[in-house]
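First comes the structure, then the notes that go with it.
Naming convention: chains lettered A, B, ... in sequence-line order (proteins, then strands); numbering from 1 in each chain. What you see is a predicted model; the values in this text were computed from it and never measured.
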Amino acid sequence: MEITNINSDIAISCDTISKKYGKIEALKNIKFDVKRGEIFGIIGPDGAGKTTLFRILTTLILAEAGSAAVDGFDVVKDYKEIRKRVGYMPGRFSLYQDLSVEENLNFFATVFNTTVAENYDLIKDIYVQIEPFKKRRAGKLSGGMKQKLALCCALIHKPSVLFLDEPTTGVDPVSRKEFWGMLKKLKAQGITILVSTPYMDEATLCDRIALIQNGQFLKIDTPKNIVSQYENKLWAVESDNMHKLLIDLRANEMTKNCFAFGDKHHISINNSQFIIHNLRFELEKLNHTNILISEIEPTVEDCFMQLSQR
Amino acid sequence: MTIPLENNCLIPPLGVRGLNTSSVIIAEHLTKKFGNFTAVDNISFEVKRGEIFGFLGANGAGKTTAMRMLCGLSIPTGGKGEVAGFDIGTQTELVKKNIGYMSQKFSLYNDLKVWENIELFGGIYGMKDKEIKSKTDELMRVLNFESERNKLVGSLPLGFKQKLAFSVSIFHSPQVVFLDEPTGGVDPITRRQFWELIYEATSRGITVFVTTHYMDEAEYCDRVSIMVDGRIEALDSPKNLKKQFDAKNMDEVFQQLARKAKRVDS
């Protein structure tokens, strides 16, 4: 592998990767590139293949077919080189529970032939939050603190590419927001980040995303482009009886899809002749009160549902 | 009729000092201390029969501890409570018989078949074989699961498993079901189908007590409480909470309240 590749604009390249577990096809022809300095999100539900993809790219398992490279190094041939230069935070907490916060961090620094002091700048903002508990065993930390420690340990050797497998799963909305704030700062320091999440609302915090379902990418693009490519018009509808409204909207022949979305229902409409007043009139006939109908811009979640139903 | 309900007839609900009997959950100054740490700090609320009650809070706010007390798994160190008509301090076994419970982490036995899981849980709750059989047939039909009946649960897709786990948790017709982050990690369509099952359960009179980190799901609840540092800081319908906090959606309400937390997340 030529050294020049390391400085190329592509941090991760993945070419028609496939992986089977017995009869189950975990990944089918996955093809994408991550540009240097990007936050790239792999968005999809449990069982879609996210973790398998991360394990292949971090050289922990082998793909059946296809090839992939990280920093220009081949995941099969050059696995040792890749392991030196990437940081990986697996979905399941995998630090040493019986070592203290400080011992874990020192351990990972030593394994990577560096010291905590050398790269302290990179982790400082995150580490100060857990420093008051540095003598505590990792196993005794709360979920939020474990997550911060794991991120520090994944960063301590100043990786060029950071792999975060579902770092925010099961985390409350406030802590999730904080975590994405930390990722933004890391990006500003030049680190490329590949991050997976089942939370569709986090997609908009990525530069580009891939929507994944059943081992296949449904779409790769910026969140903005994905939203702009939504087919059909989308309307938000509400009334005083939301449960009945869902049933009534689904029964309406103009409705292509109708899903509950928080305090509104989103309906996509087949017909370009759609007239709000007609729908309002029909809903009034069905005894709905306080009906509000407005055209809205789709969210990534709307797009995911549309694409996954094809 | 199910055994738990028969029990209900044999042992009349005690009723905490004649409080409103249409409430399935009553918490009065409920408190749990671990040493000098107060995990749940003097919370009081009631959940009415047939209600969908959303129990929200940041990680470490005390949700799990409170829920464990309501399920009869942990004895309060202060205050009192009643669930399904039984005292959560002194009648924990009766509480357990009259509730259903489902969490994302523990749901079903992967190495048992679909019907075996149903029979096991039905049996644990003391249902009669005949009743288990007829209700299993009905459930398989309703869920459109006929062809999955003899499959190992481990071989089913996650969405199927979650729907089945929920159906099993209410199979013995409990008065109230506790759902602990039931939809984590599920795809958006399955997540919505899951909520339709919840609505259906409430239409049969089952009360639903649910925790979630998806704020759009908070909107589907009749009422929502938000815990901060062991206390309930807000409790109302999503509509009123949004008004009260001048917020566009429940996420904004949550962010406003949870950011006030002073308790060190430790």
Side-chain angles (χ1 to χ4, degrees), chain A residues 23-24 43-48 50 91 129-130 132-133 136 140-148 166 168-178 197-201 212-214 238 240 242-243 246-247 257-266 299-306 308-309, chain B residues 52 56-61 63 104-105 155-159 161-162 181 183-193 195-196 198-200 202-203 211-220 227-228 237-239 242 248-261 263-266:
Chain A
K23 278 183 195 156
I24 298 163
I43 319 282
D46 287 0
K50 302 190 298 292
Q129 300 172 49
I130 50 173
F133 310 97
R136 189 176 292 184
K140 297 277 179 201
L141 295 174
S142 72
M145 309 248 282
K146 277 183 183 165
Q147 181 205 39
K148 282 170 190 155
E166 295 206 28
T168 56
T169 291
V171 176
D172 70 70
V174 171
S175 310
R176 287 205 278 134
K177 215 168 215 178
E178 270 176 26
T197 178
Y199 296 104
M200 304 275 153
D201 57 340
I212 185 171
Q213 172 120 320
N214 298 327
E238 57 188 303
D240 286 332
M242 292 301 281
H243 193 206
L246 189 67
I247 296 162
N257 275 315
C258 178
F259 292 111
F261 251 87
D263 59 350
K264 298 177 177 64
H265 296 324
H266 288 187
T299 64
V300 171
E301 191 158 359
D302 288 298
C303 299
F304 188 97
M305 290 197 283
Q306 185 172 72
S308 70
Q309 279 193 321
Chain B
I52 303 177
L56 311 184
N59 300 109
K63 290 191 309 287
Q104 192 200 342
K105 282 160 206 128
S155 71
L156 299 175
L158 181 77
K161 269 194 231 177
Q162 245 148 342
E181 287 181 44
T183 56
V186 191
D187 72 81
I189 291 176
T190 309
R191 198 153 72 79
R192 285 166 174 80
Q193 289 169 346
W195 271 90
E196 282 166 36
I198 292 181
Y199 279 125
E200 198 197 71
T202 58
S203 72
T211 73
T212 179
H213 284 318
Y214 290 99
M215 287 304 119
D216 60 334
E217 294 186 345
E219 308 269 6
Y220 306 150
M227 267 185 102
V228 181
S237 67
K239 202 173 175 181
K242 282 182 280 181
K248 267 204 319 281
N249 50 42
M250 282 304 292
D251 187 50
E252 280 186 19
V253 174
F254 188 89
Q255 299 276 350
Q256 277 186 44
L257 282 167
R259 279 188 193 285
K260 283 191 206 149
R263 186 187 277 179
V264 184
D265 176 26
S266 58

For the student: nearest non-hydrogen atoms of [X] and [Y], plus distance:
| X | Y | answer |
| --- | --- | --- |
| A/Pro198 | B/Gly185 | CB-CA, 4.0 Å |
| A/Glu301 | B/Arg191 | OE2-NH2, 2.7 Å |
| A/Asp172 | B/Gly57 | CB-O, 4.3 Å |
| A/Asp46 | B/Leu158 | CB-CD2, 3.5 Å |
| A/Pro173 | B/Met215 | CG-CE, 3.6 Å |

Given a strict heavy-atom distance threshold of 4.5 Å, which part of [X] is in contact with chain B: side chain, backbone, both, or neither?
| X | result |
| --- | --- |
| A/Gln213 | side chain |
| A/Ile130 | neither |
| A/Thr197 | neither |
| A/Lys177 | side chain |
| A/Glu166 | neither |
| A/Met305 | both |

Subject >> Closest-packed option against chain B by number of heavy-atom pairs under 4.5 Å, given A/Val171, A/Thr169, A/Asp201 >> reply: A/Val171
**OP:** Flag the one option from A/Pro132, A/Gly44, A/Ala260 with the top tally of heavy-atom pairs under 4.5 Å to chain B.
**Re:** A/Ala260
Atom group of [X] that falls short of 4.5 Å from chain A, counting heavy atoms:
| X | result |
| --- | --- |
| B/Glu181 | side chain |
| B/Asp251 | side chain |
| B/Pro188 | both |

Original post:
Could you state the interatomic distance from CE (A/Met200) to CG (B/Asp187), rounded to the nearest 0.5 Å?
Top reply: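 These two atoms lie 7.5 Å from each other.
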Original post:
Hey, what do you get for NE2 (A/His243) to CD (B/Glu196), rounding to the nearest 0.5 Å?
Top reply: 6.0 Å
Subject >> Working for salt bridge (charged side-chain N to carboxylate O under 4.0 Å, His left out), residues A/Asp263 and B/Lys239 >> reply: CA-CA 9 Å; A/Asp263 59 350; B/Lys239 202 173 175 181; over 6 Å; no
Do [X] and [Y] have side chains that approach each other closer than 4.5 Å (heavy atoms only, starting at C-beta)?
| X | Y | value |
| --- | --- | --- |
| A/Phe304 | B/Ile189 | no |
| B/Arg192 | A/Phe261 | yes |
| A/Met242 | B/Tyr220 | no |

Original post:
Taking atom CD1 of A/Ile247 as the centre, does the number of heavy atoms from other residues, nucleotides or ligands within less than 6.0 Å exceed 12?
Top reply: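 Above 12, so yes.
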